[in-house]
Amino acid sequence: MAEIVLEGITKRYPDGAVAVRDVDLTVADGEFVILVGPSGCGKSTTLNMIAGLEDITEGTLRIDGQVVNDKAPKDRDIAMVFQSYALYPHMTVRDNMGFALRLAKTDKAVVREKVEEAARILDLTDHLDRKPANLSGGQRQRVAMGRAIVRDPKAFLMDEPLSNLDAKLRVQMRTQISRLQQRLGTTTVYVTHDQTEAMTLGDRVVVMRGGVVQQVGTPQHLYDQ
Ligand code: ADP
Ligand code: ADP
């Protein structure tokens with residue numbers, strides 16, 4: 001669990017483009033925050049700075065009170081779920097989900113236990129020995145989430161995790177993500193350009209436009225008027 005605090009965060013890309021301008025945002029411990037807004041408004045850049053995948057040009061990023069601007073992604077104890085799920089095609093679901101733990105030389109029995117627990121949460125128990133090619137899009141996306149869950153991270157960052165799925169699967173996955181959040185209560189920052197996802201998933205919605213935060217509020221507050 002983690003509190004994530006952005007103070008005056010600005011991102012200027014090397015070509016001079018200012019993608020994010022002076023963003024202040026506090027994501028409380030256990031909160032599920034949605035970043036929403038049109039393509040190009042700075043959502044992914046913001047998420048990537050929290051993850052440590054992009055340098056912060058100006059401002060301070062704190063996780064649990066500690067300044068992490070210069071910390072490597074692996075030292076931030078945060079798990080990112082990407083829109084392109086990038087699973088290893090030659091590995092089974094089990095091996096995909098356990099990969100990071102095996103890399104960290106985690107005890108085999110512990111890896112097995114964590115993978116099986118994540119599979120139970122994500123309804124993947126019957127698919128553990130399959131390869132990604134033999135799964136549906138929704139199942140593949142759940143494996144990508146499983147890979148994040150097994151690491152027990154302080155926070156999840158999700159960048160349009162459902163955008164490659166068809167409409168029906170998106171609805172199913174929304175339910176799955178809500179269940180996951182209720183069950184794990186892990187601090188989550190979730191990027192989408194989809195209003196329905198913004199309305200149904202988050203505790204709080206942050207509307208971005210042109211690199212700045214335009215509005216912040218609960219889904220009810222922002223949309224039920
Ligand atoms: P999104 O789906 O978030 O709108 P884009 O299609 O805009 O993403 O961008 C896809 C990738 O291209 C991202 O990794 C982003 O960092 C990179 N990118 C976007 N705009 C530029 C740009 N003007 N110059 C260089 N890279 C860019
Ligand atoms: P979003 O995720 O909301 O679609 P991005 O954070 O991907 O927005 O992009 C915000 C702005 O920064 C856009 O104008 C985009 O073109 C620009 N941008 C993104 N990545 C790069 C990059 N690597 N180099 C230069 N400009 C970029």
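Remember, predicted model here, so these are calculated numbers, not experimental data. Just so you know, ligand 1 is whichever comes first in the structure, and atom 1 is the first atom listed for that ligand.
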Student: Which ligand 2 atoms, with their elements, are less than 4.0 angstrom from a heavy-atom of Asp15?
Tutor: 25 (C)

Student: Could you tell me, atom by atom, which parts of ligand 2 come under 4.0 Å of a heavy atom of Ala19?
Tutor: 10 (C), 11 (C), 12 (O)

Student: Considering non-hydrogen atoms only, spot the tightest contact between Glu116 and Arg94 and give its length.
Tutor: OE2-NH1, 3.0 Å

Student: Applying the salt bridge (charged side-chain N to carboxylate O under 4.0 Å, His left out) test to Asp95, which of Arg102, Arg112, Arg147 qualifies?
Tutor: Arg102

Student: Tyr13 and Thr45: side-chain donor and acceptor closer than 3.5 Å?
Tutor: yes

Student: If you measure from OG1 on Thr92 to CG on Leu128, what distance do you get to the nearest 0.5 Å?
Tutor: 7.5 Å

Student: Which atoms of ligand 2 are found less than 4.0 Å from any heavy atom of Pro38?
Tutor: 3 (O)

Student: Do any nitrogen or oxygen atoms of Gly40 lie less than 3.5 angstrom from nitrogen or oxygen atoms of ligand 2?
Tutor: yes

Student: Can you sort out which atoms of ligand 2 are near Cys41, meaning under 4.0 Å from one of its heavy atoms?
Tutor: 1 (P), 3 (O), 8 (O)

Student: Please could you name the atoms of ligand 2 that Ser39 approaches to less than 4.0 Å, counting only its heavy atoms?
Tutor: 4 (O)

Student: Pairs of nitrogen or oxygen atoms closer than 3.5 Å, one from Thr46 and one from ligand 2: do any exist?
Tutor: no

Student: Of Asp70, Leu6, Val5, which meets side chain to side chain contact (heavy atoms under 4.5 Å, CB included) against Leu61?
Tutor: Leu6

Student: Regarding ligand 2, does Glu54 bring an N or O atom to under 3.5 Å of one of the ligand's N or O atoms?
Tutor: no

Student: Who gets closest to atom 3 (O) of ligand 2 by heavy atom: Lys43, Met49, Glu160?
Tutor: Lys43

Student: Ion pair present between Glu31 and Arg204, side-chain N to carboxylate O less than 4.0 angstrom?
Tutor: yes

Student: Taking all non-hydrogen atoms of both residues into account, name the closest pair between Thr187 and Ala2 and its distance.
Tutor: OG1-O, 2.6 Å

